[in-house]
Amino acid sequence: MPDTVRQLDPRRWKALIFIALAQLMVVLDATIVNIALPSAQADLGISDGNRQWVITAYALAFGGLLLFGGRVADLWGRKRAFLIGLVGFAVASALGGIASNTGMLLGARALQGIFGALLAPAALSLLAVLFTEAKERAKAFGIFGAIAGGGAAIGLFLGGVLTEYLDWRWTFFVNIPFAAVAAAGAVFVIREPEGSRNPSRLDIPGVILASLGLVSLVYGFTRAESDGWGAGITIGLFVGAVVLLAAFVTVESRVKNPLLPLRVVLDRNRGGVYLALGLAVIGMFGLFLFLTYYLQVVKGYTPVTTGLAFLPMVAGMITGSTQIGARLMTRVPARLLMGPGFLVASIGLLILTQLSAGSSYPALILPGLVLMGLGMGTAFMPAMSLATHGVQPRDAGVASAMVNTSQQVGGAIGTALLNTVAASATTAYATSHVASATTPASVQALKLNAMMHGTSTAIWWAFGILLLSSVIAFTLVNAGRQGGPQAGSGDGEAALEDAIPVMAH
């Protein structure tokens with residue numbers, strides 16, 4: 001233990017500030033542009049058909065290249081990858097802010113996704129190799145987990161403020177000062193531990209198969225949302241994704257230096273975390289999507305007011321992550337935080353299934369949001385810490401990339417799946433009640449009631465998915481408490497044999 005203590009970087013807490021700032025920038029970008037999209041569409045004359053590509057271009061590049069980005073971070077070094085990702089993301093954001101046509105904006109969004117895929121796993125893996133002492137790791141991941149969970153909601157608020165009071169272009173320009181401060185801090189403060197790189201040659205076949213497979217999967221859900229689940233192109237993309245990813249697994253089991261060492265995902269605890277997180281994000285993104293639409297269209301909230309309405313959820317996430325998760329992680333097994341956390345979040349969604357056109361924000365929406373945030377914050381922190389537990393430090397980048405991959409794919413699935421569920425339920429309700437709509441007023445009422453029925457149905461689905469996430473956390477995750485004996489973590493022993501400090505979960 002004394003050897004481990006001597007290896008702790010004395011500047012690690014300062015480094016956390018800049019790592020967290022970079023993570024906040026990446027997470028914000030997932031939602032901040034959504035609020036600005038209508039204004040950008042009108043300003044640049046983007047067609048309705050191309051509008052979705054402002055979101056999809058980022059999602060495809062980000063989701064498809066995350067594993068590659070994580071492996072590059074292991075190869076180049078996390079600090080170098082972190083800096084390149086920050087600079088590239090800032091340049092791409094500047095290009096988006098000055099975009100004069102559709103093509104330029106879509107190209108900037110894709111470029112943001114490429115550099116985000118390098119930056120996100122580099123940030124998380126830096127955290128994993130800098131904080132190896134149990135109690136400190138709990139605090140650091142508590143902060144990081146709160147940012148990862150609450151950043152998307154903050155993005156809705158910030159996007160509304162910038163769009164309403166400045167211009168949609170500032171939703172891109174705002175990334176530049178974030179990146180500049182984080183990069184300056186990284187240069188002067190962050191010091192990557194020696195001996196944690198993976199100098200092995202890059203697995204090019206694995207890179208190609210993983211990237212194409214993930215792009216095909218994410219794009220398949222995107223097309224399912226617009227063209228339907230039975231459309232030929234949708235089915236073709238899903239079949240292609242299965243074939244490509246199956247080929248990827250086969251290649252990874254045979255090559256000497258795999259892009260994704262299968263030991264990273266076959267570990268029971270890490271596999272359970274990746275699956276539970278991916279499912280939980282489906283529910284969270286579904287809530288953002290439908291509640292944002294409900295507040296603005298049904299309740300008539302402005303973009304800024306809509307953003308403010310989500311802040312109690314952010315407060316709940318911060319409380320759950322830093323005050324519950326971080327304090328209890330050294331005392332109880334991770335599953336006893338993740339399982340109950342996702343369960344509490346699902347109760348928040350259960351409350352929100354009762355939404356109607358006349359629902360009160362303080363009486364119904366507020367408690368639902370607070371419970372959602374509290375539960376997700378409590379679960380996110382131990383989940384993100386456990387996801388990099390026991391891996392050899394040279395695999396920390398790709399293990400971190402898997403966390404982001406599960407979240408990104410979960411977000412894409414959630415948006416497409418729940419949109420489709422809502423649309424089907426809305427149509428079915430309208431069809432079954434159309435005979436009663438005999439006056440203009442009753443037609444308007446039918447439209448509103450049908451939309452609310454669709455929204456409620458989609459939130460019911462999100463509730464069920466979060467329940468499933470809780471069950472997975474309870475059953476698959478069997479790691480002991482932080483700093484205590486661990487179950488099912490063979491990689492940790494390998495790391496000890498390498499005389500490199502093991503990263504406690």
Side-chain angles (χ1 to χ4, degrees), residues 31 34-35 37-38 48-49 51-52 55-56 152-153 156 220-231 234 279-301 303 306 309-310 313 345-361 363-369 371-372 410-468:
T31 52
N34 291 29
I35 298 291
L37 187 53
D48 287 341
R51 177 180 58 189
Q52 66 165 333
I55 307 301
T56 304
L156 295 172
F221 279 102
T222 301
R223 292 306 295 256
E225 182 183 353
S226 58
D227 297 353
W229 295 93
T234 303
L279 289 171
V281 169
I282 292 177
M284 189 170 74
F285 268 66
L287 176 66
F288 287 154
L289 176 70
F290 294 106
L291 199 55
T292 298
Y293 190 79
Y294 168 81
L295 291 174
Q296 292 195 37
V297 175
V298 178
K299 305 297 284 187
Y301 286 14
T306 300
F310 279 100
M313 179 178 174
S346 71
I347 293 173
L349 283 177
L350 182 62
I351 292 173
L352 292 171
T353 60
Q354 306 306 308
L355 275 178
S356 67
S359 293
S360 163
Y361 178 85
L364 183 80
I365 301 172
L366 179 61
L369 285 175
L371 287 174
M372 180 76 176
I413 293 173
T415 301
L417 174 64
L418 297 179
N419 249 343
T420 304
V421 167
S424 299
T426 299
T427 301
Y429 184 93
T431 302
S432 62
H433 292 78
V434 68
S436 62
T438 56
T439 65
S442 61
V443 169
Q444 287 299 112
L446 175 60
K447 288 181 179 179
L448 180 60
N449 290 334
M451 188 194 77
M452 292 308 307
H453 176 73
T455 297
S456 177
T457 302
I459 296 177
W460 270 111
W461 273 67
F463 162 73
I465 291 169
L466 260 180
L467 272 185
L468 179 59

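- Remark: side-chain polar atoms of T234 are not paired, donor with acceptor, to backbone N or O of G230 under 3.5 angstrom.
- Between V298 and M451, the closest heavy-atom pair is CG2-CE, 2.8 Å.
- Shown here for A458 and A422, the closest heavy-atom pair between the two residues is CB-CB, 4.0 Å.
- Atom CE of residue M313 and atom CD1 of residue I365 lie 13.5 Å apart, to the nearest 0.5 angstrom.
- Under the 4.5 Å side-chain criterion, counting only non-hydrogen atoms from C-beta, I282 is in contact with L279.
- Residues L350 and L371 have side chains not in contact (no heavy-atom distance under 4.5 Å, counting atoms from C-beta outward).
- Interatomic distance, L352 CG to S346 OG, rounded to the nearest 0.5 Å: 11.5 Å.
- For the pair Y294 (side chain) and T455 (backbone), a donor-acceptor distance under 3.5 Å is absent.
- Between M372 and L466, some side-chain heavy-atom pair lies under the 4.5 Å cut-off.
- Separation of atoms OG (S456) and OH (Y429) is listed at 11.0 Å; rounding is to 0.5 Å.
- Looking at S359 and S356, their side chains do bring a donor and an acceptor atom within 3.5 Å of each other.
- Using a 4.5 Å heavy-atom cutoff, the side chains of L291 and L355 are in contact.
- Applying the side chain to side chain donor-acceptor pair (under 3.5 Å) definition to pairs two or more places apart or across chains, none involves residues 444-453.
- Side-chain contact between L349 and W460: absent, with no pair of heavy atoms (C-beta onward) separated by less than 4.5 Å.
- Atom CZ in F463 sits 10.5 Å away from atom CD1 in I351 (nearest 0.5 Å).
- No side-chain heavy atom of T426 sits less than 4.5 Å from a side-chain heavy atom of T457.
- Residues L369 and A309 approach most closely at CD1-O, 3.2 Å, considering heavy atoms.
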